[in-house]
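Since the structure comes first, as C-alpha cells, the remarks are kept for the end.
Remember, predicted model here, so these are calculated numbers, not experimental data.
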Amino acid sequence: MAQQPVNVPAPTPPPNPAMYSNPVSIIGPQYCLPYPVDLAVVRKFMTLADGSFTVTDINDNIMFKVKEKHFSLHDKRTLLDPAGNPVVTITEKLFSAHEKHFVFRGASTDAKDLLFTVGASSVLQLKTALNVFLASNTKQEVCDFKVKGSWTERSCVVYAGESNTIVAQMHKKETVGSYFLNKDRFAVTVYPNIDYAFIVALIVILDDINGDNTA
C-alpha cells in the first residue's frame, strides 16, 4: 500500500502566502501539497538516542525522525520517514571558516546525489542568516532560498531567493508539559506547493548549527 505522506485537514492559510501554481519539488513531489501544511517539531534534550528529534503532523502522527551519527571529521544526520527509510542524508564540513552542510538524496553521500547545500551568510552573527543553494546552482552567486530570524526564539522564516516571498515559517509552541518533559516544541507552517521535506531538512540543519554554537 502506498504511503500517504500527510493526511491532515487544510488549515487556515497564513497571511500573504506564497502561492506557487506548480509544486516546488526539491526532495520529491510527494512532499508538495496544494495547501499550507502545519508541522510540529519536538526536540528532546540531553539524550543521544535516535528519535530525539521528531516531526509530526497536527494530529501527532510521526512524519519524520532524525538519526544522528558523529564522526571525527564529519557529522552526519539522516532524515527518516515513519517506516525508517532514509529521505535525505545531511553532512557537515567541520573545521571550516564558513560552516557548510550538504544534503544528499536517501542514504547517499555521493556528489551525484547532492540536492542542495546550506551555508551561513557570515561567520559572526547574532541572528540566523543562511543561504541555500540547489545542486543545479553551481556558481552559487545568488542563493535559491534564504533563512532569516532568531533560532533562540524559534522564529525563523524561509524566503525564496533574495526576495520577500515567504515559503515557510516557524514559531514557538510552548506547553506546560514541555518544561517537565525536557522537550522543545515548535510549529512550522509550510506554504502551498512547497516541498515540506525540504523545509524539515533546513530545520534539522538550523538545529545542528545552533546546537554547535551553544555547546
Side-chain angles (χ1 to χ4, degrees), residues 2-43 51 53-67 77-90 101 103-106 113-118 128 130 132-135 143-149 151 154-161 163 165-173 184-208:
Q3 179 194 342
Q4 298 297 322
V6 71
N7 210 359
V8 298
T12 303
N16 300 319
M19 296 302 293
Y20 287 93
S21 56
N22 297 312
V24 180
S25 173
I26 310 298
I27 295 175
Q30 69 270 35
Y31 302 115
C32 302
L33 299 175
Y35 51 82
V37 175
D38 287 331
L39 301 172
V41 178
V42 179
R43 187 73 165 101
F53 189 114
T54 59
V55 181
T56 69
D57 63 17
I58 58 176
N59 295 320
D60 286 332
N61 297 309
I62 292 180
M63 307 288 291
F64 301 101
K65 297 177 288 184
V66 176
K67 181 178 181 180
R77 290 183 171 194
T78 306
L79 186 66
L80 308 172
D81 67 14
N85 301 310
V87 178
V88 293
T89 297
I90 303 167
H101 288 74
V103 182
F104 302 86
R105 187 176 302 284
D113 294 314
L114 180 68
L115 295 172
F116 60 93
T117 61
V118 180
T128 297
L130 302 178
V132 183
F133 300 95
L134 300 182
C143 64
D144 297 288
F145 296 91
K146 185 178 285 289
V147 184
K148 294 181 181 179
W151 175 256
R154 299 298 187 265
S155 177
C156 291
V157 178
V158 183
Y159 297 91
S163 72
T165 302
I166 297 174
V167 298
Q169 56 186 348
M170 56 184 281
H171 55 275
K172 188 79 172 177
K173 189 174 184 179
D184 177 26
R185 185 181 178 93
F186 52 95
V188 180
T189 298
V190 183
Y191 287 3
N193 285 323
I194 302 300
D195 188 324
Y196 65 83
F198 165 66
I199 299 300
V200 170
L202 291 181
I203 292 170
V204 173
I205 292 171
L206 278 168
D207 176 72
D208 187 31

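- Heavy-atom minimum distance, Met63 versus Tyr196: CE-OH, 3.7 Å.
- Atoms CZ and CG, on Phe198 and Leu134 in that order, are 6.5 Å from each other to the nearest 0.5 Å.
- With hydrogens and angles ignored, the 3.5 Å screen pairs a side-chain donor or acceptor of Asp57 with a backbone N or O of Asn59.
- In this structure, Ile203 and Phe53 have side chains that are in contact, with non-hydrogen atoms separated by less than 4.5 Å.
- When all heavy atoms are compared, the tightest approach of Phe64 to Leu79 is CB-CD1, 3.7 Å.
- The minimum heavy-atom distance linking Arg77 with Asp207 is given by the pair NH1-OD2, 3.0 Å.
- Closest approach of Leu80 to Val87, counting heavy atoms only: C-CG2, 4.1 Å.
- Looking at Val132 and Cys143, their side chains never come closer than 4.5 Å, going by heavy atoms from C-beta outward.
- Remark: Lys65 NZ to Asp81 CG distance equals 8.0 Å, nearest 0.5 Å.
- Annotation: side-chain hydrogen bond (donor to acceptor under 3.5 Å, both in side chains) contacts of Thr56 (sequence neighbours excluded): none.
- With sequence neighbours left out, Ser155 forms a side chain to side chain contact (heavy atoms under 4.5 Å, CB included) with Glu153.
- Atom CZ of residue Phe133 and atom CG of residue Leu115 lie 16.0 Å apart, to the nearest 0.5 angstrom.
- Thr78 places no side-chain N or O within 3.5 Å of a backbone atom of Thr89 that could act as its donor or acceptor partner.
- In this structure, CD1 on Ile194 lies 11.5 Å from CD1 on Ile166, to the nearest 0.5 angstrom.
- The two residues Ile62 and Pro82 make their nearest non-hydrogen contact at O-CG, 3.1 Å.
- In summary, of the residues considered (Ile26, Leu130, Ile199), a side-chain contact (heavy atoms from CB on, under 4.5 Å) with Phe145 occurs for Ile26 alone.
- The one candidate from Pro23, Cys32, Pro36 that meets the side-chain contact (heavy atoms from CB on, under 4.5 Å) condition with Pro192 is Pro36.
- Side-chain atoms of Asp195 come within 3.5 Å of backbone N or O of Ile27 as a donor-acceptor pair.
- Checking each of Val118, Leu202, Val157 against Val147 for a side-chain contact (heavy atoms from CB on, under 4.5 Å) leaves exactly one that passes, namely Leu202.
- Minimum interatomic distance between Asp208 and His101 (heavy atoms only, all atoms of both residues): OD2-NE2, 2.8 Å.
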Item to check | Working for side chain to side chain contact (heavy atoms under 4.5 Å, CB included), residues Val55 and Val188 | outcome: CA-CA 10 Å; Val55 181; Val188 180; over 6 Å; no
